[in-house]
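Along the sequence shown, the residues carry numbers beginning at 1. Nothing here was measured: the structure is a model prediction, and the numbers come from that model.
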Amino acid sequence: MVRASVKQLLQSNPDQILIMDGGQGTELENRGINVANPVWSTIPFINDSFWSDRSSRDRQIVAGMFEEYIAAGANLLMTITYQSSFKSVSENTDIKTLEEYNQLLDRIVAFSRTCIGADNYLVGCIGSWGAHICAEFSGDYGEHPERIPYLDYFRPQLNNFNLQEDIDVIGFETIPNIHELTAILSWDESIIKKPFYIGMSVHEHGTLRDGTTMSQVAQLFRSLGKKLNPNFLALGINCCSFRYSHMILESLHEELPYIPLIAYPNSGELYDTVKKIWLKNENCIVTWDEIVKSYLQSGARIIGGCCRTTPNDIRQIVTAVKKYKP
């Protein structure tokens, strides 16, 4: 079956809302895979037994996770490759060459497609430059973030995904710094050859983690004009505060009313950076019903969840989308 391109689907169907899956890394952790590793949720794929033994425990867990997200209503699912940059993989595993690295990504993508089937859409997930130094939630890229060779960092993973027929969309996730955002938006269709979206990492008060306002982000987009890569699909926020995410998306929509938006926040729980555990947020009084209604009013075309969101969260998103979709 030939799937319509995601961009064509959204452009030709103004009421179409795509539903993403939830927090893959934390969900794998919930199901018994230890992801406390520099390559995080990529870790099960590093083990040879994952590929040689079709009945391996980790293989069954990953496949089961995809299955439950689809059953919950997700139709846009991600490869589990957020922390799979060549730099992260080559520095923290036995995979050292580009040939070995490409073989790993090829295997992950093919396995992901097998899990989600032909009818659903697959996102080639790429974490921010800051992910490899745990700076995606601070935006602190050092004294000269404008000098960082972002393309050199992204190129191995990006080149692989560009060639993957099984990948429908490329997703740049948790981008916290305006210089990184500027770099990605400067790359034309010879560099990013598939539809792509950008999920920004934002503070509760509505700025990028480095302090850049949504007004400044909008100014960047307006300055690009027709130079923007025609493969650009959507802009939005991910791995951010559940409670404030709808207000942040609303401010982005006010600044850029013509751009399709994407939102997939965290569960609403709070992460204790000392004890390294998630805690229930007793002060979180908003619900998915309210959040999704606001997302749709702000022009969101893609909605899902990030850290600690489960198939049950996706079911609630689907229910709300059906209730409030234009």
Side-chain angles (χ1 to χ4, degrees), residues 24-25 28-29 33-59 61-63 65-66 77-116 122-136 141-142 145 147-175 177 180 183-184 186-196 198 231:
Q24 293 178 325
L28 290 180
E29 191 173 43
I33 294 179
N34 182 6
V35 296
N37 187 282
V39 296
W40 199 44
S41 54
T42 309
I43 195 63
F45 304 116
I46 303 300
N47 193 328
D48 287 339
S49 67
F50 187 96
W51 306 111
S52 62
D53 181 5
R54 290 183 174 273
S55 63
S56 73
R57 170 182 170 274
D58 285 0
R59 192 180 178 100
I61 288 175
V62 175
M65 179 193 69
F66 275 122
L77 300 103
M78 291 183 285
T79 57
I80 310 173
T81 50
Y82 174 81
Q83 202 69 285
S84 300
S85 70
F86 180 64
K87 184 174 181 63
S88 292
V89 169
S90 62
E91 289 182 356
N92 297 288
T93 76
D94 291 333
I95 294 171
K96 303 299 180 185
T97 68
L98 276 174
E99 181 180 2
E100 294 170 322
Y101 175 71
N102 280 314
Q103 182 184 42
L104 172 69
L105 292 185
D106 290 348
R107 281 175 154 182
I108 294 174
V109 170
F111 177 75
S112 300
R113 172 54 68 189
T114 299
C115 289
I116 74 168
L122 185 63
V123 179
C125 172
I126 299 179
S128 64
W129 180 88
H132 84 284
I133 58 169
C134 297
E136 66 264 58
Y141 280 17
R147 297 181 187 176
I148 293 172
Y150 296 106
L151 184 54
D152 289 346
Y153 175 79
F154 286 114
R155 195 188 297 274
Q157 193 171 10
L158 187 54
N159 282 352
N160 182 281
F161 287 173
N162 278 332
L163 297 173
Q164 295 279 359
E165 291 185 5
D166 282 330
I167 287 181
D168 301 292
V169 188
I170 291 173
F172 294 93
E173 294 197 301
T174 61
I175 305 300
N177 189 288
E180 184 174 21
I184 295 170
S186 73
W187 302 335
D188 64 19
E189 61 268 42
S190 69
I191 297 175
I192 309 177
K193 301 179 181 181
K194 289 180 177 287
F196 71 98
I198 300 173
N231 286 319

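In this structure a side-chain-to-backbone donor-acceptor pair under 3.5 Å is present from N162 to I191. Remark: side-chain polar atoms of W187 are paired, donor with acceptor, to backbone N or O of A183 under 3.5 angstrom. No donor-acceptor pair under 3.5 Å is formed between the side chain of Y82 and the backbone N or O of I126. In this structure, the side chain of S88 does not engage the main chain of S84 through any donor-acceptor pair within 3.5 Å. For the pair Q24 (side chain) and T81 (backbone), a donor-acceptor distance under 3.5 Å is absent. Judged by distance alone, the side chain of K194 and the main-chain N or O of I170 form no donor-acceptor pair under 3.5 Å. For the pair E180 (side chain) and W129 (backbone), a donor-acceptor distance under 3.5 Å is present.
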* **Check against side chain to side chain donor-acceptor pair (under 3.5 Å), S49 and S52** => CA-CA 5 Å; S49 67; S52 62; 5.6 Å; no

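Taking every heavy atom of both residues into account, Q83 and H132 meet most closely at OE1-N, 3.9 Å. In plain terms, the two heavy atoms of S41 and V35 that are nearest each other are CA-CG1, 4.0 Å. The two residues P156 and L98 have their closest heavy-atom pair at CB-CD2, 3.9 Å. Closest non-hydrogen pair, I184 versus I175, comes out as CD1-CD1, 3.8 Å. Across all non-hydrogen atoms, the minimal contact from Y141 to G130 is OH-N, 2.9 Å.
A distance below 6.0 Å separates the ring centres of F111 and F50.
The pair K193-E189 fails the salt-bridge criterion, with no side-chain N (NZ, NE, NH1 or NH2) lying under 4.0 Å from an Asp/Glu carboxylate O.
Side-chain contact of N92 with N37: a donor-acceptor pair under 3.5 Å is absent, judged by distance alone.
When the salt bridge (charged side-chain N to carboxylate O under 4.0 Å, His left out) test is applied to R113, the partners found at least two apart in sequence or on another chain are D166, D168.
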